[in-house]
**Student:** 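The following block contains the structure, expressed as structure tokens.
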Amino acid sequence: MNYSEYDIQYIKGVGEKRAKLFNKLGIYTLDNLIHYFPRKYEDWSKTTTVLDAPTDRPVFIKATMITPVKESMIRKGMTLYKCNFSDGQNVIHVTIFNNKYLAKALRTFDEYILYGKVEKSFTSAVMSSPQIEKADSAMGIHPIYSATGNLSAKAIAKVVASALDKVGHIEDTLDPAILEEYGLCSLDFAIREIHFPTCMDNVATARKRLIFEELLTLQLGLMLLKTKKATKNQLMLTEDYSNQFFNLLPFAPTGAQGRAISDCIRDMQSDTAMNRLIQGDVGSGKTAVAAGVIHTVVCNGYQAAMMAPTEILATQHYQSLSKLLANTHINAALLTGSTKPKEKREIKQALIDGEIDLIIGTHALIQNDVEFKNLALVVTDEQHRFGVEQRANLAMKGNNPHLLVMSATPIPRTLGLIIYGDLNISILDELPPGRQPIRTDFVNSSYHSRIYSFIKKEVDKGNQAYIVCSLVEEGESDLIPATEYAQKLQNNVFAGYRLGLLHGKMKPKDKDKVMNAFANGEIDVLVSTTVVEVGVDVPNATIMLIENAERFGLSQLHQLRGRVGRGNSQSYCILVSDSKSESAQERLKLMKSTSDGFEIADYDLKTRGPGDFFGKRQHGLPNLVIADMLEDMDTLTQCRDCAERMLAADPKLDKYPLLSAQITQMFRKADY
């Protein structure tokens, strides 16, 4: 039976109408249903007596019904049913509200399990609307599922039981050798025990198997994706010109920069086209790496293209790369939406003729009328700002050109292997010499007057400052929104100074106008929301003041801090927070103690989970049903090793057809 194609409505107890309720939970097929795992369990065998029952939480009491049900209508639409039970020592007075079906089903002298809170007085014990089940069928562990509307957890459990009866024995996806090596139970045992466990130890055994299976499926899928993307290299480089490039530089590259350039050139001299991520902390010199790779590509007779998410960043890259490649024969051009029509036409013709070696631009580069003579390298900046489709559109401009992606978001290596599983990774983990550390301070709001005075002194010296707030409009919380805060500062503290305002609800053109004015020194203090996190180099900006800093993730704070310290002057990051939370205080103290983005990312991963990192990727990974990226990191590592060995022995997974089907299903909805 193909579980993934068997419609949920045909399972006993469902039908067409009820199927719609299951659909709301994302359950459409039999396969979806048996992989809809309980969120918790209730062990109904752990009963207590009335005497020992606490009054602050629900308990299970095994008791015999000793009086018939008495019915009384207290008002229209509200009927009460009352009866008494005994646990053998004490009587429990039970009240049932508006449940005629349950009241009629109860039989005097039968034994039941009651689940609910016990209210006690000196003379009596009362339970209001407890769950009541026949003792002979209720004893044991009950699965509790996330429910919706008229579909209760109990109803879901009943349908799951019908489904498991229908499927019979569940065939295993893994061979016995793998199960033995990693100490895993069979898939049939895991699925049945995760839903209806005979003991809680079996839940742990089942979870171990199912988590392993899910993470292995993910790893295999990403590795197969990488193999699939590994197109034949039809633009092979014959010479490595990196030493000539290093001789052109006014500084010595770091070891990490040298290794990254070597990685790229080695890729481009191999049998398959390059598909590589350069991941580096703020200021680690990614642009110089891109320049080194571009230099070798052009010296081999090819063209290169670099795409940035905004016009300002594209212009900045054009200026930076023009400086780094100033003493070469490389002809570079800038193409954005603002480029004048006549100049656009000339640039497009020069690209076709091969007169332009390097083109830097925005989405304008992926327009249909932009063509190249021999494009061999595509570089994209700030990877999470581009969807896969946009990168693919640029890549289609050539004959399977090499792809180089640059990201300034430090991500723990293990997590990076997952998030960027379809790319090879080079990490820039050294900062170029001479870069001054940014002094970071953590204070409360009582320091505001001193901070403002300090900002004015810096501005009077010709420097600039950022002030970052977390909100834009009034009414979002008790925090002062950016618009109101900017106005207050302009009218009071910074009267006479040039203030600018930047927030996410502005039109792109207006944002660019403000950032250009700040970059050109026409604004002294820029009040902004986090839209400056990925921004322009402003060498004169020496202060980053972040209000309500506890509201940001550490990785986000680190990105914001990286907006300053771009010039030769000492720069400062001031974190303001009145939070009394110990975890918030600890996180902000860590920001003060280290400037290592990877250390910060590791801490963020351990304390906040991987959401911050996954959220930055436009094309999400497949949703995980039972595994947790944070809790199951050790299993993830095991699965990676297992996946590598499986694919080495069986590249197309011919021996694992069921696992192959699972991979296809998992990645079907992901934007790959």
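This chain uses plain numbering: 1 for the first residue, then up along the sequence.
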**Student:** Test: salt bridge (Lys or Arg N to Asp or Glu O under 4.0 Å). Region: residues 134-157. Which pairs qualify, not counting sequence neighbours?
**Tutor:**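 The answer is Asp110-Lys134, Glu133-Lys154.
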**Student:** Under the ring-ring contact (aromatic ring centres under 6.0 Å, His included) test, which residues partner Tyr145, sequence neighbours left out?
**Tutor:** His195
**Student:** Would you compute the distance between atom OG1 of Thr198 and atom CD1 of Ile141 and round it to the nearest 0.5 angstrom?
**Tutor:**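 So the gap between those two atoms works out to 7.0 Å.
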**Student:** Give me each pair satisfying salt bridge (Lys or Arg N to Asp or Glu O under 4.0 Å) with a member in residues 85-98, each pair once, sequence neighbours excluded.
**Tutor:** none
**Student:** What residues form a side-chain contact (heavy atoms from CB on, under 4.5 Å) with Ala643, not counting sequence neighbours?
**Tutor:** Leu216, Gln219, Leu220, Met223
**Student:** According to the ring-ring contact (aromatic ring centres under 6.0 Å, His included) rule, which pairs have a member within residues 157-179, sequence neighbours left out?
**Tutor:** none
**Student:** In this structure, are over 12 heavy atoms from other groups packed under 6.0 Å from Tyr10 atom OH?
**Tutor:**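 At most 12 heavy atoms, drawn from other residues, nucleotides or ligands, come within 6.0 Å of this atom.
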**Student:** Is Gln585 reaching over with its side chain to a backbone N or O of Ser579, donor-acceptor style, under 3.5 angstrom?
**Tutor:** yes
**Student:** Who passes ring-ring contact (aromatic ring centres under 6.0 Å, His included) against Phe212, sequence neighbours left out?
**Tutor:** Tyr182
**Student:** Is a side-chain donor or acceptor of Thr148 paired with a backbone partner of Leu151 at a separation under 3.5 angstrom?
**Tutor:**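 No; zero donor-acceptor contacts below 3.5 Å.
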**Student:** If every non-hydrogen atom of His93 is compared with every non-hydrogen atom of Ser124, which pair is closest and at what distance?
**Tutor:**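 Smallest heavy-atom distance, with atoms named: CD2-CB, 3.7 Å.
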**Student:** Spell out, as yes or no, whether a donor-acceptor pair under 3.5 Å connects the side chain of Asp596 to the backbone of Glu599.
**Tutor:** yes
**Student:** Check step by step if side-chain contact (heavy atoms from CB on, under 4.5 Å) holds for Glu181 and Arg645.
**Tutor:** CA-CA 13 Å; Glu181 181 180 354; Arg645 282 185 286 129; 3.0 Å; yes
**Student:** Using the side-chain hydrogen bond (donor to acceptor under 3.5 Å, both in side chains) criterion, which residues pair with Asp7? Sequence neighbours excluded.
**Tutor:** none
**Student:** Can you sort out the partners of Gln638 under side-chain hydrogen bond (donor to acceptor under 3.5 Å, both in side chains), two or more places apart, ordered by chain and number?
**Tutor:**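 Applying side-chain hydrogen bond (donor to acceptor under 3.5 Å, both in side chains) to Gln638 gives none.
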**Student:** Under the rule for side-chain contact (heavy atoms from CB on, under 4.5 Å), what residues qualify as partners of Glu214, not counting sequence neighbours?
**Tutor:**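 Counting only residues at least two positions away or on another chain, Glu214 forms a side-chain contact (heavy atoms from CB on, under 4.5 Å) with Leu624, Val625, Ile626, Ala627, Met666.
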**Student:** Tell me if a side-chain donor or acceptor on Tyr81 pairs with a main-chain N or O of Lys104 at a distance below 3.5 Å.
**Tutor:** no
**Student:** In terms of ring plane angle, is the pair Trp44 and His142 parallel, tilted or perpendicular, where the classes change at 30° and 60°?
**Tutor:** parallel
**Student:** Please check: side-chain N/O of Lys120 versus main-chain N/O of Val50, any donor-acceptor pairing under 3.5 Å?
**Tutor:** yes
**Student:** Under 3.5 Å, side chain of Asp650 to main-chain N/O of Met646, donor-acceptor pair present?
**Tutor:**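 Pair absent, no side-chain N/O of Asp650 close to backbone of Met646.
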**Student:** Could you check whether any side-chain N or O of Lys100 sits under 3.5 Å from a backbone N or O of Thr79, counting only pairs where one atom can act as donor and the other as acceptor?
**Tutor:** no
**Student:** I need the full list of salt bridge (Lys or Arg N to Asp or Glu O under 4.0 Å) pairs touching residues 651-665, with sequence neighbours left out, sorted by first then second residue.
**Tutor:** none
**Student:** Sequence neighbours excluded, which residues qualify as side-chain hydrogen bond (donor to acceptor under 3.5 Å, both in side chains) partners of Thr29?
**Tutor:** Asn32
**Student:** Which pair of heavy atoms, one from Ala53 and one from Val59, lies closest together, and at what distance?
**Tutor:** CB-CG2, 4.0 Å
**Student:** Do any pairs count as a salt bridge (Lys or Arg N to Asp or Glu O under 4.0 Å) and have a residue in residues 53-62, sequence neighbours left out, and if so which ones?
**Tutor:** none
**Student:** Taking NZ, NE, NH1 and NH2 as the nitrogens, is one of them in Arg209 or Asp172 under 4.0 Å from a carboxylate oxygen of the other?
**Tutor:**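 Salt bridge between Arg209 and Asp172, a charged N being under 4.0 Å from a carboxylate O: yes.
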